[in-house]
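Report on the structure given below.
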2 protein chains.
Amino acid sequence: MTIHRNALLLRVMTAEQRLRTLFAYDRTNRIFSVNLTMQQLKVLILLTRHDGIPSQELTRHLGVTLATLSGIVDRLVAHGYATRTEDLHDRRIRRIHLSPAGREVLTEIMDSGNRAQQRLLARLDDETLLMLETVLTRLLDAARADALEQGVDIPDDLESHSH
Amino acid sequence: MTIHRNALLLRVMTAEQRLRTLFAYDRTNRIFSVNLTMQQLKVLILLTRHDGIPSQELTRHLGVTLATLSGIVDRLVAHGYATRTEDLHDRRIRRIHLSPAGREVLTEIMDSGNRAQQRLLARLDDETLLMLETVLTRLLDAARADALEQGVDIPDDLESHSH
DNA sequence: CGAACGGTTAGCATCACACGAACTAACGTC
DNA sequence: GACGTTAGTTCGTGTGATGCTAACCGTTCG
């Protein structure tokens, strides 16, 4: 049983990998049209998981000084992708937030294969779609259980939608 | 029927989006540790779909001159991420190839949520895994049909494994 | 009040990219 | 073979982003 299960897991992961390969490198990806540097992208990614993070903490994640980070954030703010606010309890602290435009551009970059994938979904018969829905629902349940075990934050919309 | 199907498609896509959100912004992503600029990353992405592409075509995709591209490729070659070869029929033409190291780093960047995803798969019961396998197989079939219709190249390992 | 802290600014250096110009090798046509 | 065109590389120049240290200012805390 375990051997069969391992083979099954492997088959699933291999198939997934292949699909991902097909989608991941879509050259219509937003990354080709957006004007972001790597450090800017890294900050945006960090803000997705830690919106409102203080600058000091960002410097630790990025491994740069406050002076450098200040410049990076300046330029993100100038692009409209991030905003700065003062901490409520300590006015020295600047909290850096992802702006709606920043979130949007990041979503577009990360959703690189979405359009192609939607084309594929439209080709599936209803039975397969229902199966996929079941699987995804169980995966989301597993994700929530996993997150609980890891003590990891779950995005609000994920959590509120479970009920 | 169509209304039901549309609702089903929407549910599937929404669930997928949620899962993707969970995985996409993992800050252990290789992107935080690799020393690549955006233009270099773009070239690597392009090479994944068009390995051995002539320089001239790369300039069109990137929207830069040959002089600029030459520098970018120089640095990718220096990093060990790409190689240059001469075209077999026209010795003026340089074909740019993704190196194994280049492919590896790109795979690591794109597979940002892979470890977390494997943890989730291990939580699924066999029935769900079998359903997932069926779905993925059908998705791959759809992908191949889609690619044929679009006249798009399929990576060799995808094609050879269908038989 | 003074020391410590968080963030910003200025100055400087480096790197990558971007372009046009110049150059060389290669190709195709006459 | 001569010639015009093409593909790519190199060079020089300029720009922007990043990276650091030092100085500065406002804020916090003992």
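Everything numeric in this text was worked out from a predicted model, so none of it was measured. Labels below follow one simple rule: chain letters A, B, ... track the order of the sequence lines, proteins then strands, and each chain is numbered from 1. Atoms considered below: every heavy atom in the structure, side chains included; atoms not considered: hydrogens, waters and symmetry mates.
A salt bridge is defined here as a Lys NZ or Arg NE, NH1 or NH2 lying under 4.0 Å from an Asp or Glu carboxylate O, and Arg84(A) with Asp74(A) meets this definition. Using a 4.0 Å cut-off between charged side-chain N and carboxylate O, Glu127(A) and Arg138(B) make a salt bridge.
The interatomic distance linking Leu88(A) (CG) with dT27(D) (P) rounds to 15 Å, in whole Å. With rounding to whole Å, His89(B) atom NE2 is found 21 Å from dT6(D) atom P. Between the CZ atom of Arg95(A) and the P atom of dG6(C) there is a distance of 12 Å, given to the nearest Å. Rounded to whole Å, the distance from CD on Glu86(A) to C1' on dT27(D) is 9 Å. Rounding to whole angstrom units, NE2 of residue His79(B) and C1' of dC15(C) are separated by 11 Å. The distance from atom CD1 of Ile53(B) to atom P of dG8(D) is 10 Å, rounded to the nearest whole Å. As rounded to whole Å, 17 Å separates atom P of dA16(C) from atom CD of Gln40(A). Rounded to whole Å, the distance from CG on Leu36(A) to P on dG16(D) is 17 Å.
Minimum atom distance to the side chain of Arg75(B) is reached by dC17(C), of the listed dT10(D), dC17(C), dA26(C). Listed nucleotides dT9(D), dT8(C), dT28(D) differ in distance to Arg94(A); the shortest reach to its side chain belongs to dT8(C). Of the candidate nucleotides dG8(D), dA4(C), dC19(C), dC19(C) has the atom nearest to the side chain of Thr65(B). Of the listed nucleotides (dT9(C), dT18(D), dT10(D)), dT9(C) has the atom at the smallest distance from the side chain of Asp74(A).
Summary of the strand contacts: Leu62(B) and Ala67(A) both lie near DNA chain C, and taking for each the nucleotide with the nearest heavy atom, the more 5' one is attributed to Ala67(A). Along DNA chain D, the nucleotide nearest Gln56(B) and the nucleotide nearest Arg92(A) are compared for position; the residue whose nucleotide lies closer to the 5' end is Gln56(B). Map Ile93(B) and Gly63(A) each onto its nearest nucleotide of DNA chain D; the residue landing nearer the 5' end is Ile93(B).
Note on Thr68(A): a base of the nucleic acid sits closer than 4.0 angstrom, heavy atoms only. Within the nucleic acid shown, Leu66(B) comes within 4.0 Å of at least one base atom, counting heavy atoms only. Backbone-only engagement by Arg84(A) is indicated by non-hydrogen atom pairs under 4.0 Å involving sugar-phosphate atoms exclusively. Heavy atoms of Leu69(B) sit nowhere under 4.0 angstrom from any nucleic acid atom.
Between Arg95(B) and Glu86(B) the shortest side-chain heavy-atom distance does not fall below 4.5 Å. In this structure the side chain of Leu36(A) reaches within 4.5 angstrom of the side chain of Tyr81(A), judged on heavy atoms. Counting only heavy atoms from C-beta outward, the side chains of Leu129(B) and Arg5(A) approach each other to under 4.5 Å.
Here Gln39(B) does not reach the OP1 or OP2 of dC17(C): none of its side-chain N or O atoms lies under 4.0 Å away. One finds no side-chain N or O of Thr37(A) lying less than 4.0 angstrom from the OP1 or OP2 phosphate oxygen of dG16(D).
Using a 4.5 Å cut-off between side-chain heavy atoms of Ile, Leu, Val, Met, Phe, Trp and Tyr, with links allowed through other members, Ile93(A) and Ile72(A) fall into different hydrophobic clusters.
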